[in-house]
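See below for the structure under consideration.
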2 protein chains.
Amino acid sequence: MAHEQLTLSFQLCFRIYALERELMAAYRPLLDALGLTYPQYLTMLYLWEHEKGTVGQLCSALSLDTGTMSPLLKRLEASGFITRRRLRSDERTVEVTLTEKGRDLEEEALSVPERIAGCLLTNDKEEQGRRYDELKQVLDQALEQLRTSRKAREAAAVN
Amino acid sequence: MAHEQLTLSFQLCFRIYALERELMAAYRPLLDALGLTYPQYLTMLYLWEHEKGTVGQLCSALSLDTGTMSPLLKRLEASGFITRRRLRSDERTVEVTLTEKGRDLEEEALSVPERIAGCLLTNDKEEQGRRYDELKQVLDQALEQLRTSRKAREAAAVN
DNA sequence: TTCTGTTATATTGTACGCAACCTAGTAGCG
DNA sequence: CGCTACTAGGTTGCGTACAATATAACAGAA
């Protein structure tokens, strides 16, 4: 029966789709308090670690298109967390830098990861470790598999 | 160090976020051929199984807002896959039904799940079973955990 | 130097996803 | 019947995502 075929991969894919949205719902109240969205938060995490970066580096770090990143950075700039300026050495590339306000935000964001870990894993600190490893490994396998087959598709499309 | 704290839950969350987009990228070429997006495909899956349903039932089945579902259904109607009409018994509720064209689409969509399974898991049929169970279980645990803590948050917000 | 191809980013258009709000229809109660 | 509360969907506004296209700057060859 057709529905047998459906259930296997459908069950996984729908769970991944649902999990992502449920996770965003967990982040939302925490990030709202900081005035950030999740992709903006990821951008700030990158900048808190590296202090600055080009648009291309940010796109590649978050696997995002310039069509997503470009307006996102404009909004972060409008919020006063970053500044953007073209490099004199190469006027094509735009360098993003933290402002004082952006740097200060890191302190407020310090509690976010732990609070999310509580939502996503469990409150039992001991159990957290086990689940963390398991989840991470399984997610990595799936990601790796998808990326591999995407590359295969893209290579095939050229021929 | 702050980055120790960050890495734990960040590593998981970013993987979930990335995995969802990578999965959508795998579906995209397959669904493009059918003239569907992934949420539209999920809607059609529901209708292929149940033949019809109210907007509320679809929202609840896919965990989507009316703000998402309502325009999505309009687009499916514009594509000729479904029709919408208000029930005479209760003029508030809108019933969605497959058209002939919508029903016919199921046949074309039959190969999608298997092809996705190949991208997401592996081509080795035997290995697929193991990975499937593992992934499903881990995703369910995470989903369950997030939903539980969301309900706790919402209950706390009332008080 | 000029032409050509490439690179880095920006813009446009379409479709989610969700919060907040709106509206019409229904139900219950006096 | 008239009032109120509730329910089912729809609308608006904002922020992603991403394909497709555009633009300006750079780099290398003729």
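These numbers come from the heavy atoms of this one structure, side chains and all, not from hydrogens, waters or symmetry mates. Letters go in sequence order (proteins before strands), and every chain restarts at 1. Here the structure is a predicted model, which is why all the values come from computation and not from measurement.
Within residues 18-38 of chain B, the residues having any heavy atom closer than 4.0 Å to DNA chain D are, in order of number, B:Arg21, B:Arg28. Listed by residue number, A:Arg84, A:Arg86 are the residues of residues 81-88 of chain A with a heavy-atom contact under 4.0 Å to DNA chain C. Taking every heavy atom of residues 55-65 of chain A and every atom of DNA chain C, pairs under 4.0 Å involve A:Val55, A:Gly56, by number.
Side-chain atoms of A:Arg86 never come within 3.5 Å of backbone atoms of A:Glu95 as a donor-acceptor pair (strictly under, hydrogens ignored). Using modelled atom types, one side-chain atom of B:Arg15 and one backbone atom of B:Gln11 make a donor-acceptor pair closer than 3.5 Å. Side-chain atoms of A:Arg75 never come within 3.5 Å of backbone atoms of A:Gln40 as a donor-acceptor pair (strictly under, hydrogens ignored). Remark: the backbone N or O of B:Ser79 is paired with a side-chain donor or acceptor of B:Lys101 at under 3.5 angstrom. Counting only distance, with no hydrogens or angles, the side chain of B:Thr99 and the backbone of B:Gly80 share a donor-acceptor pair below 3.5 Å.
The aromatic rings of A:Tyr38 and A:Tyr27 are tilted relative to each other, their planes meeting at an angle between 30° and 60°.
Among the heavy atoms of the strands lying under 4.0 Å from A:Thr93 are primed sugar atoms or P, OP1, OP2 only; no base atom is included.
In this model, the phosphate group of D:dG10 is not approached by any side-chain N or O of B:Arg92 to a distance below 4.0 Å at OP1 or OP2. Side-chain nitrogen and oxygen atoms of B:Lys74 include at least one within less than 4.0 Å of the OP1 or OP2 phosphate oxygen of D:dT11. Side-chain nitrogen and oxygen atoms of B:Thr66 include none within less than 4.0 Å of the OP1 or OP2 phosphate oxygen of D:dG9.
You'll find the side chain of B:Leu121 stays beyond 4.5 Å of the side chain of A:Gln145, heavy atoms only. Between B:Leu58 and B:Val55 the shortest side-chain heavy-atom distance does not fall below 4.5 Å.
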Open item on the list: For A:Leu64 and B:Arg21: C-alpha separation, side-chain torsions, deciding distance, then whether side-chain contact (heavy atoms from CB on, under 4.5 Å) applies.
Closed with: CA-CA 10 Å; A:Leu64 283 174; B:Arg21 285 181 297 140; 3.0 Å; yes

TODO: Kindly determine whether A:Glu100 and A:Arg103 satisfy salt bridge (charged side-chain N to carboxylate O under 4.0 Å, His left out), including the steps that lead there.
DONE: CA-CA 5 Å; A:Glu100 195 59 26; A:Arg103 231 186 313 274; 3.6 Å; yes

Open item on the list: One pair to check against side-chain contact (heavy atoms from CB on, under 4.5 Å): A:Thr37 and A:Met24. What are the steps and the verdict?
Closed with: CA-CA 9 Å; A:Thr37 64; A:Met24 293 305 118; over 6 Å; no

Open item on the list: If you apply the rule side-chain contact (heavy atoms from CB on, under 4.5 Å), what do you find for A:Val112 with A:Leu34, and how did you get there?
Closed with: CA-CA 10 Å; A:Val112 170; A:Leu34 306 180; 4.2 Å; yes

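At whole-Å resolution of the value, CZ in A:Arg150 and C1' in D:dC18 are 12 Å apart. Rounded to whole Å, atom P of D:dT16 lies 10 Å from atom CE of A:Met69.
The C1' atoms of five pairs define one axis at each end of the helix from C:dT1-D:dA30 to C:dG30-D:dC1, and these two axes lie 10° apart (to 10°).
For the side chain to side chain contact (heavy atoms under 4.5 Å, CB included) criterion with A:Cys59, the lone passing option out of A:Thr66, A:Thr68, A:Asp65 is A:Thr66. For the side chain to side chain contact (heavy atoms under 4.5 Å, CB included) with B:Phe14, the qualifying choice from A:Leu139, A:Leu42, A:Leu45 is A:Leu42, the only one to do so.
Every residue two or more places apart in sequence or in another chain that forms a salt bridge (charged side-chain N to carboxylate O under 4.0 Å, His left out) with B:Glu77 is listed here: B:Arg84.
Running 5' to 3' along DNA chain C, contacts with non-hydrogen atoms of chain A at under 4.0 Å begin and end at C:dT7 to C:dA19.
Closest to the side chain of B:Thr54, from the set D:dC26, D:dG9, D:dA17, is D:dG9. Which of D:dG15, D:dG10, D:dC26 sits closest to the side chain of A:Glu91 comes down to D:dC26.
Closest-nucleotide positions on DNA chain D for A:Gly67 and B:Gly67 were compared, and the one nearer the 5' end corresponds to B:Gly67.
From B:Leu12, atom CG reaches atom CZ of B:Phe10 across 10.5 Å, with rounding to the nearest 0.5 Å.
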